[in-house]
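None of these values were measured; they are calculated from a predicted model. Residue numbers start at 1 and run along the sequence shown.
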Amino acid sequence: MATQRRHGWTTECVALLGLAAFWGGACSGGDDGTVPDRFVDAGRDRPDATVVGDGGVEDAGLDGTPFVVHYHTNWTVAYVHYKANGRWTVPPGEAMRPEGDGWFVFEGPAVKETVELVFNDGADTWDNNGDQNYHANLAEFWVKDGEVLSTKPGQVGGFCDDVLCGQGTCDAQAERCICDAGYRYDSGRQTCVEDLCASANCGSGVCDPETGSCTDSCEPDRVVGDFKFCTLVSDTSYAVTITYTGQGQIDLAASETKLNGRAIDLSRSFDGGQKTFRIMESGVQPSKYSYLLRLRRDSGEHIEPLFIPFWVGAGTRYADFGWKDAILYQVMTDRFRDGDPTNNIDNTKGSLPEVTDPRSQWQGGDFRGIIDKLDDGYFESLGINALWISSVVLGSHEAQPEVNPSDPKASSYHAYHPIVTGYTNLDDYGYSNPIETAFGTPEELHELVNKAHARGIRVLPDLVANHVQIEAEIYKRHPEWFHPYNACLGNWDAHRLDCWFTSTTPDFNFGVAEARKALVDHAVWLAQEFNFDGYRADALKHMTDDLVRDLKAGIKARVETTVNNHDLSEEATIFYMVGESLGGWARYHVRADMVQGQVDEGFYNMTTGSLLNFSNSLRNLAGFAVGNDTAYLSPQETFGGTGGYPGAVMGNFFGNHDQPRALTAANGDYRRLRMAQTFLMTSPGNIPMLYQGDEFGMLGGPSPDNRKMMVWSGLSADQEASRDQFRKLSQAREAHVALRRGQRANVHVEDWFWVYKVSYGDDEVYVAINRDNEKPFAPPAGMHDVLGHCSGDVVPSLTSCVFVK
């Protein structure tokens, strides 16, 4: 670990001249670039220092190449003080530009020698690598934890530096070896090994690549379109058999076959005479594996695509997962982390200067920022196993009016102004790239999903189906598929099915069957192409029942192809759809033929009143909670329909991008936020949904103030304590099935103090929430508080405790 220590400058100089004068005045280095004696601690030549870099030889040099240095620190600002071309910079050196997530970057001049560097915070804290300084002879390098690295830690590209493919080449993007003929990739050993099945003839069976021997395959018993298929899956291997039952022969050369979004060659697995694919892989890592076959007949016709998803690996993160096991984290992509500044939108271009509030401008968050946090284990550290991300499809890059046209204009950073709706592999509507360029590339989106799956994390994007942005090609081609303009403002209920949110968002008329089909085909294509695990369906209340039913039917038939019971939410490949229908409509669409759940507005209102703004009592919360845990599992009349069914799994939340920040609702009191966290994470039967930043607490009023850029450094003690508590709650929820699937019962209820028990078989958890003064409570013998707040049979004021055995 790099040390942080005081630089050896004189405090008298700082006191007399101030920092500004110190950096550029009488206390700076000499005109010849030498370093005054008082700076020798962190800026002197050290003949025994070691060069770190590709060359590994001191003074190998850069041959006149500019250098770029990236530095990781918990400082809020960073400076690099370096020696290049025989001269040191003037202390503290050059300011580094923040890149996010603790990284800073500086583009240096062209140099012809090894660069020597030290870093500081612009004041008196220095990192000079334990008095050895840093040395590098690379054109671009990263410095973290006392090491100089040739690739960014965790970044794609570093994979190939650590892998020897042998008989093959390394694909950095796919993070695997592309092996030569006669060899196959062994993911466990990360190299190419002899393909023992290359010459095997197993007839109707499959060849085990570990032994080269033939084994019986499964007998295809599932029917999807013109295919019959079956899967056999263990914790470390799988076999898939697919038989084409339609007319004609398959033209494999003209077809597209993919595994997890990456094109693969299945020619060696294909028996053309029997029109059958036999695939077997062993020694595979835990993850989700999805085969996508977009085949063509020898007559040139396209066959309806076949999508086959399954999970490999034991445990509730992998094949044993059901949606009641989920802990979902909402990422607002543009506001999460800027991992790649090169894809940022220029807010001064086009009509974007009309967006005068900086909070409503594009901020630069992207897929790379999410990938970086997957790579460094941030989501796993919080116990997260599902991500809800912003809509991924290309949207407008122009200024947009708001719902109330008198409000200032905003950009489409929230991804609710899609223009490529309708895009499929068969009709691109004239768009070469359907993915939001401000977020990244299709390849990066595949990488994001694949890396999430490898960590046992599901990915659900927003699905914006109600409307398009007026630039959309589908609107230009088919204006008859849309309602005429009628503003939603003042008409949310009277015209909920035919109003336009804004003057630039044409509203689909889903009474037109062709419009419904275009939307469903697009949603199915998106789910198959990027191997998504569900959708958060925006504005469900404003779409017709026919559209929601058609969407569900399309998902069941073409995405949930390996599911046994589509009416429950207990299988790993169930495609979870959670709707957003505020205004009392939460129950309406929760049906077996619509969606499994909706964001629970009632849960939000009760949590906010009882735990955040204190406008309600804990007694009322206790009366609500026990019934609400199971309220949607049985049908009830609502808005002229019937909502609720045994497979329902709702989304519990106390904050999201449409509500003022939870910490703001709590008047900035982190103790209230932490009580809300406890209630959220110990409510069984439904999915806790956490908005980015609510794990530690961010402030923000109504939109756009509640959508500020995520904070990654400089957290206060209260914020660190809040995040630490959330981690403990997640660990407890994962460890105790009672907190995910149990039944809640009240143990002790007062106006400001509440104790409840959650039970599932022999697993019991007691939860105490105290808004009152210090309260006595003795949990059953042998139990302890996993949060570390309660001891001596006392529950402190404004505190929650979770007791487990």
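Between the side chains of Asp338 and Asn344, at least one donor-acceptor pair of N or O atoms lies under 3.5 Å. A donor-acceptor pair shorter than 3.5 Å cannot be found between the side chains of Asp372 and Tyr378. Side-chain contact check for Asn260 and His453: no donor-acceptor pair (N or O, by modelled atom type) lies under 3.5 Å. Remark: the Asp127 side chain and the Tyr134 side chain contain an N/O donor-acceptor pair separated by less than 3.5 Å.
Residues satisfying the side-chain hydrogen bond (donor to acceptor under 3.5 Å, both in side chains) criterion with Ser360, sequence neighbours excluded, are absent altogether. By the side-chain hydrogen bond (donor to acceptor under 3.5 Å, both in side chains) test, Asp346 pairs with Thr348, sequence neighbours left out. Applying the side-chain hydrogen bond (donor to acceptor under 3.5 Å, both in side chains) rule to His417 yields the partners Ser412; only residues at least two apart in sequence or on another chain are considered. For Tyr329, the ring pair (Phe, Tyr, Trp, His ring centres under 6.0 Å) partners at least two apart in sequence or on another chain are Phe379. With sequence neighbours excluded, the residues forming a side-chain hydrogen bond (donor to acceptor under 3.5 Å, both in side chains) with His397 are Glu436, listed by chain and number.
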Should His135 and Glu116 be marked as a side-chain contact (heavy atoms from CB on, under 4.5 Å) after you check the CA-CA gap, both sets of side-chain angles, and the distance that decides it? CA-CA 5 Å; His135 297 72; Glu116 187 172 356; 3.4 Å; yes

Can you list the steps and then say if Ile370 with Thr333 is a side-chain contact (heavy atoms from CB on, under 4.5 Å)? CA-CA 8 Å; Ile370 301 173; Thr333 305; 4.1 Å; yes

How far apart are the C-alpha atoms of Tyr79 and Trp126, what are their side-chain angles, what is the distance that settles it, and do they pass the ring pair (Phe, Tyr, Trp, His ring centres under 6.0 Å) test? CA-CA 9 Å; Tyr79 287 76; Trp126 285 72; 9.2 Å; no

Any chance you could lay out the side-chain contact (heavy atoms from CB on, under 4.5 Å) test for Val115 and Asn137, step after step, and finish with the verdict? CA-CA 6 Å; Val115 180; Asn137 56 16; over 6 Å; no

Could you give me the CA-CA distance, side-chain angles and deciding distance for Phe696 and Val711, then say whether side-chain contact (heavy atoms from CB on, under 4.5 Å) is met? CA-CA 10 Å; Phe696 56 82; Val711 175; 4.1 Å; yes

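Under the 6.0 Å cut-off for aromatic ring centres, Phe67 and Tyr82 qualify, their centroids lying closer than that. Within the 6.0 Å centre-distance limit, the rings of Trp88 and His81 are counted as a close aromatic pair. The distance between the ring centers of Trp388 and Tyr691 does not fall below 6.0 angstrom.
Taking a cutoff of 4.0 Å between a charged side-chain nitrogen and a carboxylate oxygen, Glu695 and Arg723 do not qualify as a salt bridge. Here Arg368 pairs with Glu447 in a salt bridge; the nearest charged N to carboxylate O distance falls below 4.0 Å. Using a 4.0 Å cut-off between a side-chain N of Lys or Arg and a carboxylate O of Asp or Glu, Asp694 and Arg661 qualify as a salt bridge. Between Arg97 and Glu107 there is a salt bridge, since a side-chain N of the basic residue sits under 4.0 Å from a carboxylate O of the acidic one.
Of the residues listed (Met710, Gln692, Lys708), the one engaging Met332 in a side chain to side chain contact (heavy atoms under 4.5 Å, CB included) is Gln692, and it is the only one. Results of the salt bridge (charged side-chain N to carboxylate O under 4.0 Å, His left out) test with Arg707 over Asp357, Asp658, Asp334 single out Asp658 as the only residue that passes.
Using the six-membered ring where Trp is involved, Phe119 and Tyr71 have ring planes that are parallel, under 30° apart on the 30 and 60° scheme. By the 30° and 60° cut-offs, the orientation of the rings of His70 relative to Trp142 is parallel.
Thr799 and Met675 make their closest contact through N-SD, 4.0 Å (heavy atoms, listed as atom of the first residue, atom of the second, distance).
Evaluation of the salt bridge (charged side-chain N to carboxylate O under 4.0 Å, His left out) test over residues 663-682, restricted to residues two or more places apart or in two chains, returns Asp669-Arg671, Asp669-Arg672, Arg674-Asp718.
In this structure, the side chains of Asp375 and Lys451 come closer than 4.5 Å at one or more pairs of heavy atoms.
In this structure, Cys177 and Cys170 have their SG atoms no less than 2.5 Å from one another.
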